[in-house]
Protein chains: 2
Amino acid sequence: MTDDIRQLSQKLAPAQPLPSRVASILSQEISSGRLKPGDRLPTEHQIAESLGISRNVVREAIAQLRADGLVRARQGAGAFVMEPEERLAIRLDPTDLENIEGMEGLFELRALLEGEAARLAAMRRTDDDLAEITAALEDMRGDEKWSEGSIEADLVFHRAIAKATGNAYIHTFVCFICDQIRRSIHMARYANQIKQLVEVNVGEHVVILDALKAGDPEAARSAMVHHITEAGRRIGVILRNEQSNAAEGIAAS
Amino acid sequence: MTDDIRQLSQKLAPAQPLPSRVASILSQEISSGRLKPGDRLPTEHQIAESLGISRNVVREAIAQLRADGLVRARQGAGAFVMEPEERLAIRLDPTDLENIEGMEGLFELRALLEGEAARLAAMRRTDDDLAEITAALEDMRGDEKWSEGSIEADLVFHRAIAKATGNAYIHTFVCFICDQIRRSIHMARYANQIKQLVEVNVGEHVVILDALKAGDPEAARSAMVHHITEAGRRIGVILRNEQSNAAEGIAAS
DNA sequence: ACAAGCAAATTTGTCCTACAACCCTATAAC
DNA sequence: GTTATAGGGTTGTAGGACAAATTTGCTTGT
């Protein structure tokens with residue numbers, strides 16, 4: 001209920017914070033090529049005046065760009081666009097994920113990363129990790145909170161596996177990619193059909209968990225790749241070359 | 001008040017802009033768990049006063065955190081720490097990379113990602129891709145610009161392979177991780193010994209390129225994993241389980 | 001005429017104050 | 001007891017002022 005209100009207010013409100021909108025404008029100027037690396041962008045005063053806003057707002061916008069390593073401000077000289085290789089953060093453009101090609105690319109990356117993560121997790125998982133993963137699986141199949149809870153439990157399952165690798169970076173990256181996918185999916189028509197597919201989904205998770213329990217790296221990796229490939233197919237994403245790989249996986253398990 | 005500023009500037013890098021330093025402090029408060037998701041962080045006034053700075057600076061710092069999705073500010077209510085799953089960007093803390101454990105984790109992730117990238121590239125690379133990769137290799141072995149140029153050419157080589165996967169996300173992530181590593185390495189004592197090791201390094205690249213030319217996915221992956229493992233070992237990073245994998249790779253090639 | 005150095009203009013960095021918009025709570029009125 | 005309202009607190013935006021640093025151009029000395 002409150003979710004509906006929040007969605008609506010997000011959708012309709014042009015009242016996204018002003019500095020963020022200015023930051024979007026500027027970053028679009030950069031990514032579109034109108035401002036090339038090395039260029040100096042207009043002075044804060046000029047930007048403020050041309051947009052009819054205060055210099056404070058402009059400074060906050062530039063602070064956001066600076067945090068991403070998109071521009072570098074030098075006192076007395078100006079703010080300059082930096083080389084694309086120097087960026088300090090990864091931020092995915094949500095609009096890239098609205099079409100199916102973007103989703104396919106992201107799913108491929110996800111299968112790749114999480115497949116390897118499952119392999120490492122099979123070798124390194126502690127008993128605590130296993131308990132956490134098992135608990136997440138129980139949450140998935142358990143309650144009636146399908147629409148919201150099962151998706152959440154699904155994510156907890158995947159995150160727990162990434163954490164079981166013992167590598168904080170892998171954990172960070174897997175979490176990030178999964179969340180990007182979830183955010184995009186939530187916007188689409190996914191929750192509708194998930195109800196019928198929960199059993200299948202849970203079944204695939206069980207295969208993964210079994211491989212982790214057995215400590216079989218290749219089986220874990222194959223099962224994870226297969227699961228993600230299938231999960232993608234359920235929402236219309238078809239991966240190019242992983243099908244054969246996934247087939248191997250299902251045959252091996 | 002000014003004492004606080006002096007303390008603060010002594011504590012952290014003196015050259016970094018003030019708002020970024022404040023953002024680091026706050027984000028550290030969050031990642032260390034002193035501020036948990038859902039918590040409201042102190043008011044801008046309190047932060048400003050406690051650090052002896054202006055509210056303007058605090059606002060710019062919070063703007064950076066907001067851009068990353070680390071906090072969400074609601075007018076009239078306050079700024080709240082968001083769930084870690086809601087992050088919009090990945091930013092690696094440079095201090096995490098100063099110790100050897102952080103480097104090991106990042107190298108493991110890199111081997112994983114780039115290994116798979118090489119596998120995909122072997123299947124999908126176009127002739128144009130191959131030409132680009134070959135050119136990068138030529139640049140590496142060619143000129144006398146060892147200290148700077150060869151490192152750069154090395155990166156170009158890896159980036160070109162990631163691009164040859166045809167997956168923009170893989171390309172983005174690989175570029176990002178490589179840059180993080182390069183930035184850390186540049187700070188360290190890497191360029192000193194690279195001169196003696198260029199031949200070895202080039203040799204490993206040749207193996208990768210041959211596998212890509214032949215279109216052999218597994219050989220490409222193995223060679224890449226081996227190369228990254230060795231590159232890590234050259235600067236003191238030892239990966240846990242990839243050695244055996246790399247041994248397979250070198251045996252297969 | 002040339003060079004070095006100095007001074008002024010420009011630009012970002014920081015601080016300050018003020019007010020609007022908004023949220024939350026406590027109090028008052030019914 | 002419930003609702004309305006008023007108040008304080010907090011973020012959002014505006015605008016002005018000065019400090020710090022850089023760039024540029026001009027002056028001045030040789």
Side-chain angles (χ1 to χ4, degrees), chain A residues 2 5-6 8-10 12-26 30 35 38-82, chain B residues 1-26 35 38-82:
Chain A
T2 52
I5 295 179
R6 208 172 306 158
L8 195 140
S9 66
Q10 278 182 358
L12 294 182
Q16 215 180 7
L18 200 47
S20 298
R21 272 184 288 172
V22 176
S24 291
I25 291 176
L26 291 176
I30 292 173
L35 284 173
D39 284 1
R40 207 198 71 178
L41 36 78
T43 70
E44 297 172 351
H45 215 81
Q46 287 173 338
I47 297 174
E49 199 166 2
S50 77
L51 294 178
I53 56 181
S54 140
R55 188 162 85 99
N56 258 329
V57 176
V58 177
R59 282 195 62 78
E60 282 190 35
I62 292 182
Q64 296 183 17
L65 301 183
R66 217 178 30 193
D68 288 355
L70 220 70
V71 306
R72 174 185 207 80
R74 283 166 44 211
Q75 184 173 182
F80 299 85
V81 180
M82 293 187 70
Chain B
M1 175 197 313
T2 51
D3 280 343
D4 287 332
I5 294 180
R6 212 169 303 155
Q7 269 188 351
L8 196 140
S9 61
Q10 278 180 356
K11 207 174 216 171
L12 297 170
Q16 225 175 3
L18 199 49
S20 299
R21 275 183 284 169
V22 176
S24 291
I25 291 176
L26 291 177
L35 284 173
D39 284 359
R40 207 198 74 177
L41 36 78
T43 69
E44 296 173 351
H45 210 79
Q46 286 172 339
I47 297 174
E49 198 166 2
S50 78
L51 293 178
I53 57 180
S54 128
R55 189 162 84 98
N56 224 319
V57 175
V58 176
R59 281 195 62 77
E60 284 190 34
I62 291 181
Q64 296 184 13
L65 302 184
R66 219 179 28 195
D68 290 354
L70 219 69
V71 306
R72 177 184 203 80
R74 284 164 46 211
Q75 185 174 188
F80 299 85
V81 180
M82 294 188 70

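First the proteins, then the strands, lettered A, B, ... as listed; each starts at 1.
We find that A:Arg66 and B:Glu60 are joined by a salt bridge, their nearest charged nitrogen and carboxylate oxygen being less than 4.0 Å apart.
Looking at residues 44-67 of chain A, you'll see A:Glu44, A:Arg55, A:Arg59, A:Arg66 sit with a heavy atom under 4.0 Å from some atom of DNA chain C.
Rounding to the nearest 0.5 Å gives a distance of 5.5 Å between CD1 of A:Ile47 and CG of A:Leu41. If you take CD1 on B:Ile25 and CG on B:Leu51, they are separated by 5.5 Å, rounding to the nearest 0.5 Å. Considering CD of B:Glu44 and OG of B:Ser54, their distance stands at 10.0 Å, rounded to 0.5 Å. From B:His45, atom NE2 reaches atom CZ of B:Arg55 across 8.0 Å, with rounding to the nearest 0.5 Å.
Taking all atoms of both residues into account, the shortest heavy-atom contact from A:Val81 to A:Leu35 is CG2-CB, 4.1 Å. Heavy atoms only, all atoms of each residue included: B:Gln64 and B:Ser20 are closest at NE2-OG, 3.6 Å.
Screening B:Ile53, B:Asn56, B:Val58 for a side chain to side chain contact (heavy atoms under 4.5 Å, CB included) with B:Leu18, the sole residue that qualifies is B:Ile53.
The phosphate of C:dG13 (OP1 or OP2) has no side-chain N or O of A:Arg74 nearer than 4.0 angstrom.
The outermost nucleotides of DNA chain D lying under 4.0 Å from heavy atoms of chain A, listed 5' to 3', are D:dT13 to D:dT23.
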